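The structure presented is a predicted model; accordingly, all values stated were derived computationally and were not measured. Any value given below was found using the heavy atoms of this structure, including those in side chains, with hydrogens, waters and symmetry copies removed. Letters go in sequence order (proteins before strands), and every chain restarts at 1.
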Amino acid sequence: MIQKPSIPKGTRDFSPKQMIRRNYIFDSIRAVFQKYGYLPIDTPAMENLTTLMGKYGEEGDRLIFKILNSGDFLKKTETADLQSSDLNKLTTMICEKGLRYDLTVPFARYVVQNKNDITFPFKRYQIQPVWRADKPQKGRYREFYQCDVDVIGSNSLINEVELVLIIDEVFEKLGIETIIKISNRKILTGIAEIIGEPGKIIDITVAIDKLEKIGLEKVNEELAQKGLSEQAIEKLQPILNLKGILRVKFPKLQEILADSKIGMQGIEELMSVLIHLKELNLKNKWSFDLTLARGLDYYTGAIIEVVAKDMVMGSLCGGGRYDDLTGIFGLPDISGVGISFGADRIYDVLNELNLFPEDSSLTSKVMFVNFGKEEEKLCLKLIKEIRKAGISTELYPDHAKMKKQMKYADQKSIPNVVLIGEEEMKSEMYTLKNMITGEQQKVNLEELISILSKHN
RNA sequence: GUGGGUGUAGCUCAGUUGGUUAGAGUACUAGAUUGUGGUUCUAGGUGUCGCCGGUUCAACUCCGGUCAUCCACCCCA
């Protein structure tokens, strides 16, 4: 029986046209990364589960694709294990590898493993796919590419500033208008401290994040549901009600956080970054956004998120500072900061807003029509010379009807066609047809090459 | 994990209160045009109507289940 082929949920094939466009995104981003002095690395698609688990929060652990051990994967299990409902325990017995969930954790692992060969601060970029067992929907895929830049082994806030410059430059280059949102986890930590609920940072940040979406009342409800005391919620109100421009917000925040050392430090760090940005005349809009609360557990300082101005789509880029990601792997006191561009979402935005450049230059410049055996032989010789001149050239491989060959050239948007039949073979003057204007002329090889090199 | 929409030709979709032979556009192939594409005209369809079951004389149509897909929530790039 013939089965209809398909691909796993949330994955996609990419056509040549799509790949050309995807490569345009990757090339643009890579060029900017290199301009800022970052160097490339690659890491394996799969990592040991011990490397991945516990780094992304409870939700993250659930979304990691686990790989079944090869061979007799049940050999470590007892019947009781299989029947028990403790899936986590069972998972550790039958899987020891997983597909990487992001590029930051594998990078931290890489740094620890190669610490002796790395000169710090280490600036690296990495463009590779990651996998998440999420339910697919708009702008959300189970396999997607991240383009990461991170610098590890430097506490300087200049790194944060430079990352924002990279963001600004990438999106300017791609022609997407964005809003770069910036905050600092320490401020949120400080807030949690001040209201007397230091253990509830995550719940508080998630709730604050929803402020715009669901409103103050619902946020308060949710906080109560998460077990925050009435007093704590009361204390939080002035913070949730903070409005206005930076000059107004900051003094108020400073007032509220005066007793929190970490909170004050967060404000100071943030200010330092923002003051730099103000001097640097960014093309994209940027702002301090307290409601910005990135979910990943490991962020400790700056938090950055970028959204498109003209389209509703999740974040196109996100990141922040992580003070101790390498500590878990045995290399403490090394701070890193980095961001990640979501290439697939950027693709969707460029596509939707019609911002992809014309990509005509990527098909062959000229196609030779195939008239038969003798003609083929001559064509191959001529084509060799033309390719030597750096011109993409193809010969139609089959001795098909002229109409079919012309149609092929037309559909591939090949701008020139050369016809060599009996007559042309004799005279060594070849018929060159311009497919855009429809004009034809007789030329020799030299003229042919010179004409084709012109319309580059 | 929770909720909703949609599954009919390669693609985009029509298809009447259930009724006999399942439709359009587009794409594709051939011809008009034996060495000339994009326009035009003509001809060309073996579609498990997503799958399984139920109701009915009769189901693409109604009901139940299931799978796929899209959207929203959650979370994220």
Side-chain angles (χ1 to χ4, degrees), chain A residues 1-4 6-12 15 25 29 56-64 87 100-104 127-148 167 202 205-207 209-210 213-214 218 222 292-297 299 304-308 312-320 338-349 367 369-372 375 396 399-425 430-440:
Chain A
M1 186 180 140
I2 298 165
Q3 55 168 351
K4 238 186 182 170
S6 64
I7 54 175
K9 190 196 290 213
T11 65
R12 297 148 304 152
S15 66
I25 295 171
I29 291 175
Y56 310 106
E58 213 177 298
E59 176 82 356
D61 281 355
R62 212 165 52 80
L63 298 178
I64 294 171
L87 283 178
R100 67 169 162 247
Y101 180 89
D102 73 352
L103 300 178
T104 309
I127 298 175
Q128 286 188 279
V130 303
W131 294 269
R132 295 183 188 177
D134 225 333
K135 207 164 174 178
Q137 53 187 275
K138 190 182 179 185
R140 171 169 303 181
Y141 307 100
R142 287 186 148 185
E143 178 184 58
F144 61 97
Y145 271 73
Q146 289 196 326
C147 313
D148 268 43
I167 292 171
I202 306 246
T205 53
V206 167
D209 189 28
K210 288 189 198 161
K213 265 191 220 159
I214 63 175
K218 289 251 170 98
E222 196 170 313
L292 172 63
R294 312 231 68 244
L296 293 181
D297 273 7
Y299 290 122
I304 302 168
E305 189 166 303
V306 184
V307 295
V312 180
M313 169 68 70
S315 52
L316 301 181
C317 177
I339 50 171
S340 179
F341 292 82
D344 303 78
R345 283 187 178 172
I346 291 173
Y347 181 99
D348 290 345
V349 170
M367 186 197 86
V369 173
N370 190 331
F371 278 89
E375 290 88 344
Y396 193 88
H399 180 200
K401 281 186 185 168
M402 171 91 109
K403 180 170 174 154
K404 193 170 177 184
Q405 301 193 36
M406 293 300 283
K407 199 167 179 179
Y408 170 86
D410 183 51
Q411 292 198 326
K412 272 187 83 178
S413 311
I414 295 172
N416 298 286
V417 166
V418 172
L419 299 118
I420 300 178
E422 224 174 300
E423 190 193 319
E424 286 89 346
M425 277 182 70
Y430 314 117
T431 302
L432 170 65
K433 173 162 180 155
N434 181 319
M435 293 294 277
I436 297 151
T437 63
E439 282 164 19
Q440 287 187 199

(message) If you count every heavy atom of other residues, nucleotides or ligands that lies below 6.0 Å from A:E422 atom CD, does the total exceed 12?
(response) no

(message) Quick one, A:F371 and A:M402 - any side-chain contact, counting heavy atoms below 4.5 Å?
(response) yes

(request) Quick one: label A:E143 by what it contacts on the DNA or RNA (base, sugar-phosphate, nothing), any heavy atom closer than 4.0 Å. (result) nothing

(request) Let me know the distance between CE of A:M406 and C1' of B:rG35, rounded to the nearest Å. (result) 10 Å

(request) Report yes if a side-chain nitrogen or oxygen of A:Q137 is closer than 4.0 Å to either non-bridging phosphate oxygen (OP1 or OP2) of B:rC70; otherwise report no. (result) no

(request) Please measure how far the C1' atom in B:rC60 lies from the corresponding atom in B:rU16, and state the result in whole Å. (result) 13 Å

(message) Which nucleotide wins on minimum distance to the side chain of A:D410, given the candidates B:rC75, B:rG35, B:rG37?
(response) B:rG37

(message) In whole Å, I'd like the distance from the CD1 atom of A:I7 to the P atom of B:rU69.
(response) 9 Å

(request) Compare the minimum distances between each of B:rU69, B:rU2, B:rG35 and the side chain of A:K9, then state the nucleotide with the smallest one. (result) B:rU69

(request) Count the heavy atoms belonging to other residues, nucleotides or ligands that lie under 6.0 Å from NZ of A:K412, then report whether that count exceeds 12. (result) yes

(message) Taking only the C1' atom of each, what is the distance from B:rC76 to B:rA22 in whole angstrom?
(response) 44 Å

(message) With a 4.5 Å cut-off on side-chain heavy atoms, are A:Y145 and A:D344 touching?
(response) yes

(message) I want to verify a distance call: between B:rG35, B:rC75, B:rA32, whose nearest atom is closest to the A:K403 side chain?
(response) B:rA32

(request) Quickly work out the A:R142 CZ to B:rC70 P distance and round it to whole Å. (result) 11 Å

(message) Taking the C1' atom in each of B:rG15 and B:rC70, what is the distance between them to the nearest angstrom?
(response) 23 Å

(request) Ignoring hydrogens and angles, answer whether the base of B:rG35 and the side-chain atoms of A:Q440 contain a donor-acceptor pair closer than 3.5 Å. (result) no

(message) What is the distance, to the nearest angstrom, from the CE atom on A:M367 to the P atom on B:rG37?
(response) 12 Å

(message) Can you identify which nucleotide, out of B:rC74, B:rG37, B:rG35, has its nearest atom closest to the A:M435 side chain?
(response) B:rG37

(request) State whether the distance check finds a donor on one side and an acceptor on the other, under 3.5 Å, for side chain A:K135 versus base B:rG1. (result) no

(message) Using a 3.5 Å distance criterion without hydrogens, assess whether the side chain of A:R100 forms a donor-acceptor pair with backbone atoms of A:W131.
(response) no

(message) In this structure, how many angstroms lie between the P atom of B:rU36 and the CD atom of A:E439, rounded?
(response) 19 Å

(request) Just need the stems in RNA chain B: three or more back-to-back Watson-Crick or G-U pairs, each with both distances under 3.5 angstrom, sorted by first number. (result) B:1-7 with B:67-73, B:10-13 with B:23-26, B:28-32 with B:40-44, B:50-54 with B:62-66

(message) What's the gap between B:rG31 and B:rA24 when it is taken at their P atoms, as a whole Å value?
(response) 24 Å

(request) Nearest-nucleotide wise, let me know which of A:K404 and A:Y408 is further upstream toward the 5' end of RNA chain B. (result) A:K404

(request) Can you tell me the distance, in whole Å, between the CZ atom of A:R345 and the P atom of B:rC75? (result) 14 Å

(request) Provide the closest heavy-atom pair for A:M313 versus A:V349 in the form atom of the first, atom of the second, distance. (result) CG-CG2, 4.1 Å

(message) Using atom P in both nucleotides, what's the gap between B:rA14 and B:rG7 to the nearest angstrom?
(response) 7 Å

(request) Between B:rU66 and B:rA72, how far apart are the C1' atoms? Round to whole Å, please. (result) 23 Å

(request) Find which nucleotide of RNA chain B each of A:P136 and A:F341 is nearest to by heavy atoms, and output the residue with the more 5' nucleotide. (result) A:P136

(message) If the cut-off is 4.0 Å, is A:K401 near the phosphate of B:rG31, judged by side-chain N/O to OP1 or OP2?
(response) yes

(request) Indicate, with a heavy-atom threshold strictly under 4.0 Å, whether A:L419 touches base, sugar-phosphate, or nothing. (result) base

(message) In whole Å, I'd like the distance from the CD atom of A:E59 to the P atom of B:rC73.
(response) 14 Å

(message) Distance check, rounded to the nearest 0.5 Å: A:Q146 atom CD versus A:Q128 atom CD?
(response) 10.5 Å

(request) Please work out if A:G438 contacts a base, only the sugar-phosphate, or nothing of the nucleic acid, heavy-atom cut-off 4.0 Å. (result) base

(request) Assign A:I436 to base, sugar-phosphate, or nothing according to its heavy-atom contacts below 4.0 angstrom with the strands shown. (result) base

(request) Nearest 0.5 Å please: distance from the CE atom of A:M367 over to the CD atom of A:Q405. (result) 5.5 Å

(request) Measure the distance from CZ on A:R12 to P on B:rC70 and round it to the nearest whole Å. (result) 10 Å

(message) Classify A:Q411 by what it touches in the nucleic acid, base, sugar-phosphate, or nothing, heavy-atom distance under 4.0 Å.
(response) sugar-phosphate

(request) Before giving the answer on side chain to side chain donor-acceptor pair (under 3.5 Å), spell out for A:E424 and A:T431 the whole-Å C-alpha distance, their side-chain angles and the decisive distance to 0.1 Å. (result) CA-CA 7 Å; A:E424 286 89 346; A:T431 302; 2.6 Å; yes

(message) Checking contacts here: which listed nucleotide (B:rC73, B:rG37, B:rC75) is nearest the side-chain heavy atoms of A:K407?
(response) B:rG37

(message) Taking the P atom in each of B:rG64 and B:rU6, what is the distance between them to the nearest angstrom?
(response) 14 Å

(request) Please work out whether the ring planes of A:Y408 and A:Y396 are parallel, tilted or perpendicular, with thresholds of 30° and 60°. (result) perpendicular

(message) Could you tell me how far B:rU17 sits from B:rA58 if I compare only their C1' atoms? Round to whole Å.
(response) 15 Å

